[in-house]
> 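I'd like to ask you about the structure that follows.
These values consider heavy atoms only, across backbone and side chains, with no hydrogens, waters or symmetry-generated copies. Note on naming: letters A, B, ... go to the chains in the order of the sequence lines (proteins, then strands), and numbering restarts at 1 for each one.
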Number of protein chains: 2
Amino acid sequence: MVRCPKCAQVGTIMKAGYVRNKQRYVCKSCNYFFTIASSEQVPSRQKNHRHQTTIIDIARSTGVSNSTVSRALHGHADISPETRQAVLDMAAQLDYQPNQLAYNLVKSKTNTIGMIVPEFHNRFFPNVIMGAHQILTAEGYNLTIMQSNESFAVEVSNTKAMLANRIDGLLISLTQETNSFEHLQVFEKRGIPLVLFNRVCDDVKAPKVVVNDFEAAFMAVEHLILNGYERIAHLGGPLNLLVSRERLRGYRAALEKHGKNIEEDMIIQGMLSQQKARIYGKYLLELENRPDAIFAVNDSAAIEIMLMAKEKGISIPEELGVVGFSDNPESAYIGPGLTTVRQPTIEIGKTTAQWILQMIDADEEMALPQERILKTELIIRGSSLRSGI
Amino acid sequence: MVRCPKCAQVGTIMKAGYVRNKQRYVCKSCNYFFTIASSEQVPSRQKNHRHQTTIIDIARSTGVSNSTVSRALHGHADISPETRQAVLDMAAQLDYQPNQLAYNLVKSKTNTIGMIVPEFHNRFFPNVIMGAHQILTAEGYNLTIMQSNESFAVEVSNTKAMLANRIDGLLISLTQETNSFEHLQVFEKRGIPLVLFNRVCDDVKAPKVVVNDFEAAFMAVEHLILNGYERIAHLGGPLNLLVSRERLRGYRAALEKHGKNIEEDMIIQGMLSQQKARIYGKYLLELENRPDAIFAVNDSAAIEIMLMAKEKGISIPEELGVVGFSDNPESAYIGPGLTTVRQPTIEIGKTTAQWILQMIDADEEMALPQERILKTELIIRGSSLRSGI
DNA sequence: AAAAGTATCGGTAACGTTTGCGGATACGTT
DNA sequence: AACGTATCCGCAAACGTTACCGATACTTTT
């Protein structure tokens, strides 16, 4: 007969489940819970649904403790080769798969890097993902990708999900709508590594990986000027994106350097959807004093304009020069080939990934946030080579 | 003065960290560790690194228990509106972010779907991802993407990582190398939902989402025949992929239907890299008795052949008809436009995602594994329209 | 031969959450 | 006045791991 350790009552003891494979009891009199190491047969561990074999199962079958199993599985020095082999064999026999969730919880580290991109339509972001993926997997990290779909609300919700999942670091490229940055400053406050790329902003203290948009735009426009184009329009992106502002700045600087007049009604800034590109392109091509060249913020817009020009019977590059940005695969094959700025997409992904790994390794934030500017390349094709020159 | 409970020594007691907010001591004489419930002020709960605020913190600050906080945060009916509001306010004030890891561990459910794709080079898989992403996020699921990079070893390692991370379901498209399927049969054995798409196999009992490759290839080749091409070669993919076999089957069937002779040396099956495409293309175009049309397994290969034909001065479509597969963006812009088979990529992603959600909801595997075949569309452009007809 | 070191292994707190069960009130009903 | 009931909340087990602190049995050193 069992006596309650607290109230010393006898006959009021009831079973109250199992704890650590030992029978647990409760005194119905004083409601005191306690455990007794009995030799009673513990019922086989059956989960409600289906049971994934755990370290405890291996321990029980091998006759050692959980800690020994854990150490054996990790090749800890404290474990003798024999027991280690026994544990490994049993693990294989029971088809054991470690539970990363439990591991992550106790280590408060997930070995996962999060990445939030605004879209998947162009080749740009998939390529960046490829680059980052390559670096991260080589270092044993996983990559979780979320897509904000150019929506600020989704972006915020994504960052929350990333936080909840306790990722070790976040790589993010902002949406066109993003004008508020509290959801990113949280990461800084929590000390969670954060790297911005491509679509960056100055309002959050974090490293940024960008390309030399200013220079690239400058070179692109200067290239048009040197090919004899006089009145160059700019179809730009939304101005809350630094990318758009930089490209606009490069456009203006090139015109100024060569003493060209900047006509504000030939500068359009807006969202980058295909539909918008058609609307803006129509506007530009139907202007009374039509531009003789267009520098577009991306290749999709540039190609849209080329197609529209063909419909209107405007010859490229004679009557209209076109330069795009990003070097989409189709830009090489369209006739005439589209002159464009090639971005080192894979390199961008690699650089951001390497940077965030550095931040994770450096436990103290010794290095201040910096900016890494990668070089672009102007790919000259037929759409900007006026034959008359 | 504290006395050691074991050796009864006095003056040898030193502090040895905290356990459960109680001071822990060690006797330097007998090296015995013990705990004393003292009224001493316990230092504020500070983790070694940085502390994320937990439910316990909210409970302590609000003066209620953890369970009440947990229930309040989830809107449980047992909690009064006042305490609920108090908890919510405190949670906001302390900037609480739930720990998904702990949640997942106790629920043994991660609300995450895994997806393994072989490559990111073509538009195909990014588009599939887009489609699946759309469905899954709408249902509150996350999507973790891994890339096997056409390597069987990486694919196996990826599936292991997915298992360890306890995803709720897996969407996978196999690599070109995959000939063994134990790593997938594990999912079946564990009862983890699994859906194959595009690159599927018959050796694993799981739903498959594919396109009508046989029909599509048949129609493509028949289209060439009807346009007057006589000797049609096939540049196919590796034969361990069902996709390749189906397309080959369609190719053969079309030729047979129209009484064409099947010349085995004009059928090449192999890996799909760009380099290989050039090598095989060169072989085909330099054959003594050159084919007058080529049906390629994908657009990249088809375009490679078109470029090579241009170099050799072979005119398309007059001297050589070309048909590709997948309708890459560049295929519309190359001159002449590439005739190709458009796959419903977004639809494939949506279908696989919907299917796996169904499997998750249906706790019992009532429905047997099935196959869903989506329709393709033959996009006819200039590369297969011989003007002489 | 006593003391000290070494090799192995076990016990258990801790990670942060959910949840079943029971306790403590307060109120309305015989 | 006694009882039933509804409301609200707390206790502690459970999820599967890791790692710290001891414990034991040998082996080596003084």
> Using only side-chain N and O atoms of Thr54(B), determine if any of them is under 4.0 Å from OP1 or OP2 of dC15(C).
no
> Using a 4.0 Å heavy-atom cut-off, does Ile55(A) contact any base of the nucleic acid, only the sugar-phosphate backbone, or nothing at all?
sugar-phosphate
> Give a yes-or-no answer on whether the side chains of Gln93(A) and Asp89(A) include a donor-acceptor pair shorter than 3.5 Å.
no
> How close or far is atom C1' of dT18(D) from atom CG of Leu101(A), stated in whole angstroms?
15 Å
> Check this one for me: any side-chain N or O of Ser65(B) less than 4.0 Å away from OP1 or OP2 of dC11(D)?
no
> Going by atom types alone, do Thr178(B) and Thr175(B) pair a side-chain donor with an acceptor below 3.5 Å?
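Present: a donor and an acceptor within the cut-off.
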> Round to the nearest Å and state the distance from Ile79(B) atom CD1 to dT25(C) atom C1'.
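After rounding, the gap between these two atoms is 15 Å.
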> From the options dG10(C), dC15(D), dT17(D), select the nucleotide whose nearest atom is closest to the side chain of Val106(B).
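Looking only at heavy atoms from C-beta outward on Val106(B), the closest nucleotide is dC15(D).
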> Given that Arg166(B) and Val69(B) both sit by DNA chain D, which one's nearest nucleotide is further toward the 5' end?
Val69(B)
> How long is the line joining NE2 of His74(A) and P of dT17(D), in whole Å?
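Computing the His74(A):NE2 to dT17(D):P distance gives 10 Å.
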> For Gln100(A) and dG16(D), give me the distance from atom CD to atom C1', rounded to whole Å.
12 Å
> Distance only, no hydrogens: is a donor on one side chain within 3.5 Å (strictly under) of an acceptor on the other, for Asn111(B) and Lys109(B)?
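Result is yes, a qualifying pair exists.
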> Expressed in angstrom and rounded to an integer, what is the separation of Asp57(B) atom CG from dC15(C) atom C1'?
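Asp57(B) atom CG is separated from dC15(C) atom C1' by 13 Å.
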> Under 4.0 Å between any heavy atoms, over every strand shown, what does Ser67(A) touch: base, sugar-phosphate, or nothing? Just pick one.
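If one applies the 4.0 Å heavy-atom cut-off, Ser67(A) turns out to touch a base.
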> Starting at the 5' end of DNA chain D and moving along, which residue's nearest nucleotide shows up first, Pro81(B) or Asn99(A)?
Pro81(B)
> Nearest whole angstrom, please: distance from the C1' of dT7(D) to the CD of Glu82(B).
12 Å
> Do Ile192(B) and Val186(B) touch side chain to side chain, with heavy atoms closer than 4.5 Å?
no
> Which is more 5' along DNA chain C, the nucleotide nearest Arg71(B) or the one nearest Leu105(B)? Just name the residue.
Leu105(B)
> Under 3.5 Å, is there a donor-acceptor pair linking the side chains of Ser180(B) and Glu182(B)?
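Present: a donor and an acceptor within the cut-off.
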> Counting just side-chain N and O atoms, does Thr83(A) come under 4.0 Å of either OP1 or OP2 of dC9(C)?
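For dC9(C), OP1/OP2 do have a side-chain N/O of Thr83(A) under 4.0 Å.
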> Establish, with yes or no, whether the OP1 or OP2 oxygen of dT18(D) is under 4.0 angstrom from a side-chain nitrogen or oxygen of Ser70(A).
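Answer yes for this pair, as a side-chain N or O of Ser70(A) is under 4.0 Å from OP1 or OP2.
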> For the pair made of CD in Gln52(B) and C1' in dA14(C), what is the distance, rounded to whole Å?
16 Å
> Give a yes/no answer on whether the side chain of Tyr103(B) brings an N or O atom under 4.0 Å of OP1 or OP2 in dC15(C).
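No.
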> Expressed in angstrom and rounded to an integer, what is the separation of His76(A) atom NE2 from dA7(C) atom P?
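It is 13 Å, rounded to the nearest whole Å.
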> Could you check whether any side-chain N or O of Gln147(A) sits under 3.5 Å from a backbone N or O of His133(B), counting only pairs where one atom can act as donor and the other as acceptor?
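Looks like no, no N/O pair under 3.5 Å.
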> Reckon Lys107(B) has a side-chain N or O less than 4.0 Å from the OP1 or OP2 of dT19(C)?
yes
> Side chain of Asp78(A), heavy atoms from C-beta onward: which of dG10(C), dC9(C), dC9(D) has the nearest atom to it?
dC9(C)
